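Counting starts at 1 for both ligands and their atoms, in listed order. Counting begins at 1 with the first residue of the sequence. These numbers come from a predicted model, not from an experiment.
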Amino acid sequence: MTPDRLDRFARHIVLPEVGAMGQARLVQSHVVLVGMGGIGSPALQYLAGAGVGRLTLIDDDVVEASNLQRQTIYTQADIGKPKAEAAAAWLAAFDPALAVTAHVTRITRDNAAELIAGADVVLDGSDNFATRLAVSDACVKAGVPLTSAALGRFQGQVANFAGHRPDHACYRCFVGDAFDAEDCDTCADQGVLGAMVGMVGAFGAMAAMRVLLEGVSTLGDPQWGQLHILDGLKSSLRTMRIAKDTECSGCISDV
Ligand SMILES: [Zn+2]
């Protein structure tokens, strides 16, 4: 790293839990972000701030005025623009040293393998189960870890999955097969608090960093299959363990 990059990441490097080796790993890493909304926005900011060297952004939506209440990377001037492109523009201004690829497309069962290729981790902050299951199945097949971050009103859920490994659950082990159809309770119907979704996005960014740093520095404990549940009303956090489903069609019966 050049002196200006060392200076930029000095506060990470000085942390024993990250260190110079950890920072070097982050710089060499590739994160795919699915969904550039309320979770993807703050997650992108912290991952980019951490110097993650390659970022792939996937979203087929455009920025709307009602997004600005929580989707922190967009401004008034972005209304009407594709989110993936506006996010890439934010990133280019924030740190031109980072490589970014923007896909203005919906990730589906058909294109997921191609879109996540080469990722060290996929961070899914999308807003529906059908997308999440397609992403999870593609991650298992490709052997790519998945950070899942989701929000329902005041409850956030964040977990790292390594379903491609024999002893670890995948996202489908967690939610089952019932959600393959579109069925999401959208933010428009239920409402969402900006700071709450920001907390979940930042938690997701940190979970993804744990994956990237596995085997490199002590922060690199991915806590596979541990679902962290944030309650924004009580302001509490609890954790439950997700077991591998021995009948799972995502990570078991794929023979
Ligand atoms: Zn599974």
Side-chain angles (χ1 to χ4, degrees), residues 29-35 37 39-40 43 47 56 58-59 103 105-152 155-185 200-201 203-215 220-230 237-255:
S29 294
H30 177 195
V31 177
V32 173
L33 287 116
V34 179
I39 289 170
L47 292 170
T56 296
I58 305 168
D59 199 302
H103 296 282
T105 186
R106 173 167 281 254
I107 191 165
T108 65
R109 211 151 274 292
D110 298 328
N111 63 10
E114 195 184 330
L115 289 170
I116 68 162
D120 294 303
V121 63
V122 173
L123 197 167
D124 190 351
S126 64
D127 62 0
N128 68 87
F129 286 113
T131 297
R132 286 178 178 275
L133 287 166
V135 170
S136 174
D137 290 350
C139 282
V140 171
K141 277 209 175 71
V144 173
L146 171 67
T147 300
S148 175
L151 178 73
Q155 190 191 83
Q157 298 186 343
V158 179
N160 283 327
F161 293 101
H164 54 288
R165 300 192 191 179
D167 302 331
H168 292 301
C170 77
Y171 179 77
R172 188 181 285 278
C173 292
F174 169 40
V175 299
D177 298 335
F179 295 109
D180 277 298
E182 294 284 344
D183 65 339
C184 67
D185 299 321
V200 175
F203 203 123
M206 191 152 163
M209 287 174 66
R210 288 174 175 277
V211 173
L212 297 175
L213 296 176
E214 189 184 24
D221 170 13
Q223 304 178 326
W224 301 121
Q226 289 187 39
L227 181 73
H228 304 287
I229 303 168
L230 296 93
L237 174 68
R238 65 195 170 92
T239 299
M240 59 179 266
R241 181 155 197 85
I242 299 162
K244 199 170 183 83
D245 175 359
T246 53
E247 310 269 290
C248 178
S249 64
C251 65
I252 297 281
S253 60
D254 185 52
V255 239

Sorted by chain and residue number, the side-chain contact (heavy atoms from CB on, under 4.5 Å) partners of Asn111 (sequence neighbours excluded) come out as Thr105, Ile107, Thr108, Leu115
Hits for side-chain hydrogen bond (donor to acceptor under 3.5 Å, both in side chains) against Arg132, two or more places apart or cross-chain, chain-then-number order -> Ser148
Protein N/O/S atoms closer than 2.8 Å to the Zn ion (ligand 1), ordered by chain and number, come to Cys170 SG, Cys173 SG, Cys248 SG, Cys251 SG
What class does the angle between the rings of Phe174 and Phe161 fall in, given that below 30° is parallel, 30 to 60° is tilted and above 60° is perpendicular?
parallel
(Q) Regarding His103 and Thr56, do their side chains bring together a donor and an acceptor under 3.5 Å, going by distance alone? (A) no
Checklist entry - Between Lys244 and Cys170, is there a donor-acceptor pair closer than 3.5 Å when you use the side chain of the first and the backbone of the second? => result no
With sequence neighbours left out, the residues meeting side-chain hydrogen bond (donor to acceptor under 3.5 Å, both in side chains) with Asp137 are Arg109, Arg172
